[in-house]
Structures are given as structure tokens and as C-alpha cells.
Amino acid sequence: MGNKNCALRVIITAFIIFLISCDSSTNPPVEQKAEIYQSTIQSIIEETTKEHNVPGSIALIRFDDGSIHKSAYGFADISEENKIEMHASHAFRIGSVTKTFIGTSILILVKQNKLQLSHTVEKLMPGLIKHGNEITLEMLLNQSSAIPEYTATDEFSDTYFYNPTYSWTHEEILSLYCDEDLVDTPGIISYYSNSNYYTLGLIIEKYSGKSLDQFLNEEIFVPLGMNDTYLPTGNEIHGSYAHGYLDVNYDGNFTEDEDYTVQSPYAIWAAGGIVSTVDDLLIWSDEIFEGNLLNAELQNKRMVIDTPIFGAPEGVNYGLAIADIFGSVGHNGAVAGYTTILFKYNNTTFIAFGNGYETTGDKGFIADDLFDKLKEVIN
């Protein structure tokens, strides 16, 4: 009797295995979007890099099914001595995507009850800027302070572009905008200005009691495991990185002597100085939209993006260090040598980078163009 039961169990088990195998053969696994679009994405990256004539580019796309495409094209270093191919793991200067980190830093200090968004600059930093009593912390964050742009001054640009390692001090940068009249009434419309975020960097240092690089590291980079992200304190960047090139002579080409990788850490600083990778920026994108470092109230406030940007069409708004461009939410960045985008659109995350800062043509920056083309094809 025992042998009959054993034989019956074997037969039943074999039949179940047969049914499972039949089911899997008639219902093959669904192909993930990263596989479906792989060749299309790679073609766009290669063709766009050639169109813009920049040395190289990287793109990472995470689809709504969780699959990820990540690839690079071109060169991270075009010098005859090295000639290094671009790799998707290379670090780069992220420009104004830095602002999303600075905005989060301010919100962390608000969460810690060290700051309030309604505080004026005059209350926080007495005597720092001419109209500080009219400008709140929130106005600095959403760019509605109407403080003029220091990077647009001849004093700054003539030095920055022709002597990138000039040793700027905070006092020198402040002198470019602290006594200037406002361009409009504060609090109404967003006038994009790096002066806002340079000021926010100084506020973070004062109210955290730490240097900006230390605060970012301890409060954001380390907790999130962003091991390849940092705010430089010297001219050099380190690790495995992409060199950045600026088309100084406006001829549409990038040459070895236009290498702007090495530059002063305090020229752009809190407005655009962070170095990162596409993998780390993917971690950061999740934090922006989930707000694990904040509380629910602050995260909800961050996601209200409703301040119109001057000169932009309806549907383009700025919030607390984050933009909404016709439903694409995130930020872009451009700093001498580098352009970057980090956006989420239709539940798909786009991160793109190019190591050439273009000064001619009507195509715009390569990172923005990559985003536009990839978004159109994928969605």
C-alpha cells in the first residue's frame, strides 16, 4: 500500500511540473522596456552627440516598469596623451542640478526648526544684501526674490571664462549683487538667478554650523549612499571622471586646450558646484519625489511648483529648487564644460549628461536635446 501511495505522489508531482512547463511556454516573460528601446536609445545618444559635436555623453533612463537603460558614447578625455572613452560610471560637474540639493538642505534645516521659510534674509543674515528685509527664504528657493544674476556681470564672466581657477571668495561674489537694486517686486515671478542659491549656501553654513560640503555630505550624500557625489573644496575633481570642455572661441569645436575640468570651487559653489554620477543621481531622483529626508508636510510643499518663470510660456513653473516644464519635473544644469538634466516625465526618469558646453548654434545644450528626443520616442 505504501509503495502505491509513493508511486501516486510521483505521478501527481510529474503532472504538476508538466502543467507549469506548459503554462510558461504559452506565456513567455514580458519583455522589459529597456530591452525594447535599447537600440533606439543608443542610436539617439550617438547621433545627438555627433550633431552637437561634443566629446561625449551619458544617458540613464529608468522606465515605469523598473527596467533601466544606461550607456555612454564618445570620449571622457580628448587629449592626445590619454584619449579616454566615455563610460557610464564617469563622474561630472552637474551644474544647477546642484540647486535641488541646496533646496533640500534648507528644508532639512526647516525640519530641524533652525529656519522658517517665512524668515527674511535680513533676519537671517543682517546687512548681507541691500533689500534683505523684502526677501524671504522661500523667495530665494523659488527664485522670486528678484535679486540680479551675478554670473551675468562682466566682472564675473570675464574672469570665470578666461581664468577658471581664479580664487574667488564669498565676499567677492557677494559684492557683485549685494548692493544692487532688485529687478522687480519680490515674490511674484521667478527670475532665475544664481545669486539666490549662493545666498542660500551662506545661510546653510551659518545655521548648520558646518561648511556646505560637510553638511551636504553628512545630511544627504552619506545617508542616501551617494558614494560618488560631493561638493569640491579645491579646483580639481577626483576619481574616475569626465573632463569638461568649453567652446571658448565660438567655433563649434572642442579642443584639448579648451579643457575646463579644473576650476575654482567658489565661483559657482552652492549654485552649481556638485560633482556626481548618473547612478547617484538616480538615487537622488527617488529622494526628490519620495522625500525620505523630510517630513510629509515639507515634501508636499516641495511638490507644489507654481511660480511662473519670467519669459517662459504658461506651463513652465519653478518651486522650491525644482522646476515643472510642461509636466517634466526636475532640473537641468550647465556649468563651464558640462551640461546635465534630471527629470521625471510620465513615471520615467531621465538623466543625461554631456561634457561640452556649447556657445554656438541654435540646438541648445546636448543634455537638454537628449532629454527632448528620448522623451518623444519613449513616451
Side-chain angles (χ1 to χ4, degrees), residues 95-111 115-153 156 173-204 207 268-272 288 291 294 297-334 341-343 368:
S96 285
V97 177
T98 296
K99 292 179 173 66
T100 61
F101 292 90
I102 299 304
T104 299
S105 298
I106 291 292
L107 295 177
I108 288 172
L109 290 173
V110 171
K111 177 186 173 184
L115 296 172
Q116 294 178 20
L117 294 177
S118 59
H119 281 157
T120 66
V121 176
E122 182 62 25
K123 177 180 176 61
L124 297 172
M125 308 286 282
L128 184 72
I129 59 176
K130 183 177 179 180
H131 295 276
N133 61 330
E134 302 173 46
I135 298 165
T136 66
L137 199 54
E138 185 167 0
M139 291 175 192
L140 292 177
L141 286 169
N142 66 22
Q143 304 268 16
S144 69
S145 72
I147 299 174
E149 170 66 275
Y150 81 86
T151 62
T153 64
F156 178 82
I173 296 294
L174 275 168
S175 70
L176 299 176
Y177 68 88
C178 67
D179 293 322
E180 297 297 314
D181 288 330
L182 303 179
V183 299
D184 201 346
T185 302
I188 298 175
I189 192 167
S190 177
Y191 289 88
Y192 193 90
S193 173
N194 287 304
S195 306
N196 290 313
Y197 279 76
Y198 211 98
T199 305
L200 287 169
L202 297 173
I203 292 171
I204 292 167
Y207 287 88
I268 304 298
W269 193 52
I288 289 175
L294 308 177
E297 180 183 1
L298 288 170
Q299 176 62 10
N300 289 338
K301 188 167 182 61
R302 168 157 66 179
M303 299 314 295
V304 175
I305 309 168
D306 59 1
T307 305
I309 298 176
F310 178 75
E314 185 176 353
V316 179
N317 298 298
Y318 207 81
L320 303 183
I322 189 170
D324 185 337
I325 305 173
F326 305 119
S328 299
V329 180
H331 217 291
N332 58 1
I341 62 95
L342 185 159
F343 282 103
D368 298 279

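Note that this is a predicted model, so its numbers are computed, not measured. When reading the values below, keep in mind they use all heavy atoms of this one structure, side chains included, and skip hydrogens, waters and symmetry mates. The first residue of the sequence shown is numbered 1, and numbering continues consecutively from there.
Contact of the Leu128 side chain with the Ile203 side chain is not registered, since no non-hydrogen atoms from C-beta on lie closer than 4.5 Å. Residues Leu298 and Val110 meet the side-chain proximity criterion, which asks for heavy atoms closer than 4.5 Å. At least one side-chain heavy atom of Ile147 sits under 4.5 Å from a side-chain heavy atom of Leu182. When side chains are defined from C-beta on, Ser190 does not count as touching Asn142, because their heavy atoms never get closer than 4.5 Å. Proximity of Ile309 to Gln143: side-chain heavy atoms (C-beta onward) are nowhere separated by under 4.5 Å. Looking at heavy atoms from C-beta onward, Leu115 lies out of side-chain contact with Leu107 at the 4.5 angstrom threshold. Using a 4.5 Å cut-off on side-chain heavy atoms (C-beta onward), Asn332 and Phe343 make contact. Between Ser96 and Tyr192, some side-chain heavy-atom pair lies under the 4.5 Å cut-off.
Shortest non-hydrogen contact noted between Thr98 and Ala270 is CG2-O, 3.5 Å. Contact between Leu137 and Gln116 at its shortest, heavy atoms only, is CD2-O, 3.5 Å. Scanning both residues, Leu109 and Tyr207, for their nearest heavy atoms gives CD2-O, 4.2 Å. Listed here is the closest heavy atom pair of Ala321 and Gly103: CB-CA, 3.6 Å. Of all heavy-atom pairs spanning Val304 and Asp306, the tightest one is CG1-OD2, 3.5 Å. Of all heavy-atom pairs spanning Pro148 and Ser195, the tightest one is O-OG, 2.6 Å.
The salt bridge (Lys or Arg N to Asp or Glu O under 4.0 Å) test applied to Glu138 returns Lys301, not counting sequence neighbours. In this structure Asp181 satisfies the salt bridge (Lys or Arg N to Asp or Glu O under 4.0 Å) test together with Lys130, sequence neighbours excluded. Under the side chain to side chain contact (heavy atoms under 4.5 Å, CB included) criterion, Ala271 pairs with Lys99, Asn194, Tyr197, Ile268, sequence neighbours left out. By the ring-ring contact (aromatic ring centres under 6.0 Å, His included) test, Tyr191 pairs with Phe310, sequence neighbours left out. With sequence neighbours excluded, the residues forming a side chain to side chain contact (heavy atoms under 4.5 Å, CB included) with Ala152 are Glu149, listed by chain and number.
Between atom CG of residue Leu140 and atom CD1 of residue Ile129 there is a gap of 6.5 Å, rounded to the nearest 0.5 Å. The line from CD1 of Ile135 to CG of Asn196 is 7.5 Å long, rounded to the nearest 0.5 Å. For the atom pair CG of Asp368 and CD1 of Ile325, the computed distance is 8.0 Å after rounding to the nearest 0.5 Å. With rounding to the nearest 0.5 angstrom, the CD1 atom of Ile106 is 12.0 Å from the NE2 atom of His119. In this structure, Leu200 CG and Leu141 CG are separated by 5.0 Å, a value rounded to the nearest 0.5 Å. We find the OH-CG distance between Tyr198 and Leu174 to be 7.5 Å, quoted to the nearest 0.5 Å.
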Taking it one step at a time, do Thr136 and Leu117 satisfy side-chain contact (heavy atoms from CB on, under 4.5 Å)? CA-CA 7 Å; Thr136 66; Leu117 294 177; over 6 Å; no
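For the residue pair Ser193 and Tyr177, no side-chain donor N or O sits within less than 3.5 Å of a side-chain acceptor on the partner.
Side-chain atoms of Glu122 come within 3.5 Å of backbone atoms of Gly127 as a donor-acceptor pair (strictly under, hydrogens ignored).
Screening residues 312-326 for side chain to side chain donor-acceptor pair (under 3.5 Å) gives Tyr318-His331 as the qualifying pairs, with residues at least two apart or on separate chains.
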